[in-house]
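What follows is one structure encoded as structure tokens, with my remarks underneath.
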Amino acid sequence: KQEVTQIPAALSVPEGENLVLNCSFTDSAIYNLQWFRQDPGKGLTSLLLIQSSQREQTSGRLNASLDKSSGRSTLYIAASQPGDSATYLCAVRPGRDDKIIFGKGTRLHILP
Amino acid sequence: SAVISQKPSRDICQRGTSLTIQCQVDSQVTMMFWYRQQPGQSLTLIATANQGSEATYESGFVIDKFPISRPNLTFSTLTVSNMSPEDSSIYLCSVDKKGYNTEAFFGQGTRLTVV
């Protein structure tokens with residue numbers, strides 16, 4: 001059974017720092033992986049999607065990597081800003097028609 | 001991509017009452033998903049709603065408590081029935097867009113507080 005783990009559960013860093021959020025999954029046979037952002041009390045915003053055949057995806061200051069063989073993905077945020085403060089969720093889709101499986105998220109706080 | 005409108009965005013309800021949450025998608029989709037997110041927790045799938053058939057509920061969720069409608073390919077409702085304070089959560093609607101990728105999109109969420 002696929003399980004998704006995100007460490008750390010919470011993280012506080014000063015503004016301007018580069019940071020890495022981690023996501024690990026137990027079964028390397030995945031279809032794709034998505035990173036989401038959730039502001040308090042709100043829905044989820046899709047940030048990046050990586051197909052199983054890809055190694056990384058970039059959008060602005062965000063870069064997501066995928067290492068299927070080791071069951072890991074990272075979300076790199078460059079030059080962090082207070083507006084980046086949110087919960088970041090990693091989700092794995094085992095197969096094209098399968099439901100996604102979420103990690104518990106990393107709550108990020110950027111200190112002004 | 002998909003744009004999902006979810007209403008209401010938040011509500012405060014009395015225990016014993018029911019609340020219906022609406023989800024409208026800007027394009028036709030086969031399946032729509034309803035999630036619950038309890039305070040400080042990750043998302044838990046409640047059910048999958050298919051147009052023209054009954055929803056499929058996950059373990060621990062029943063139709064009497066969470067009836068779902070799916071009248072067409074762009075709209076669904078979730079009702080939280082006979083509410084108690086334990087039902088206080090964020091409820092989220094989601095769809096999968098299939099193409100080159102299968103990508104999940106979410107509505108803005110409904111923040112429910114039961115008093």
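To find a chain, count down the sequence lines: A is the first, B the second, and so on, and within it residues start at 1. This one's a predicted model, so the numbers in the text were calculated from it and none came from an experiment.
Using cut-offs of 30° and 60° for the angle between ring planes, the Phe36(A) and Phe106(B) rings count as perpendicular.
Highest contact tally toward chain A, considering only Pro39(B), Ser94(B), Gly107(B), Ala104(B), is held by Ala104(B) [criterion: heavy-atom pairs under 4.5 Å]. Heavy-atom pairs under 4.5 Å with chain B peak, among Asp39(A), Leu89(A), Thr87(A), Ile100(A), at Ile100(A). The most heavy-atom pairs under 4.5 Å with chain B, out of Lys42(A), Arg93(A), Lys104(A), come from Arg93(A). With chain A as partner, the option from Asn101(B), Ile90(B), Leu92(B) having the largest number of non-hydrogen pairs under 4.5 angstrom is Asn101(B). Among the candidates Ser46(A), Gly103(A), Gly41(A), Gly105(A), the residue making the largest number of heavy-atom pairs closer than 4.5 Å to chain B is Gly41(A). Interface check for chain B: of the options Gln34(A), Arg107(A), Lys99(A), the most heavy-atom pairs under 4.5 Å are formed by Gln34(A).
A side-chain N or O of Ser84(B) and one of Glu86(B) form a donor-acceptor pair less than 3.5 Å apart. Using modelled atom types, one finds no donor on one side chain facing an acceptor on the other under 3.5 Å when comparing Thr45(A) with Gln38(A). A donor-acceptor pair shorter than 3.5 Å can be found between the side chains of Thr77(B) and Ser69(B).
Using a 4.0 Å cut-off between a side-chain N of Lys or Arg and a carboxylate O of Asp or Glu, Asp98(A) and Arg96(A) do not qualify as a salt bridge.
The main-chain N or O of Val92(A) is never found under 3.5 Å from a side-chain atom of Gln2(A) such that the two would form a donor-acceptor pair. Of the possible donor and acceptor atoms, none in the side chain of Ser65(A) sits under 3.5 Å from a partner among the backbone N and O of Ser73(A).
No part of Ser9(B) comes within reach of chain A, as not one of its non-hydrogen atoms sits under 4.5 angstrom from that chain. Contact annotation for Gln41(B): neither backbone nor side-chain heavy atoms come within less than 4.5 Å of a heavy atom of chain A. Using a 4.5 Å cut-off between heavy atoms, Ile4(B) does not touch chain A at all. With a 4.5 Å cut-off on non-hydrogen atoms, Tyr91(B) does not touch chain A at all.
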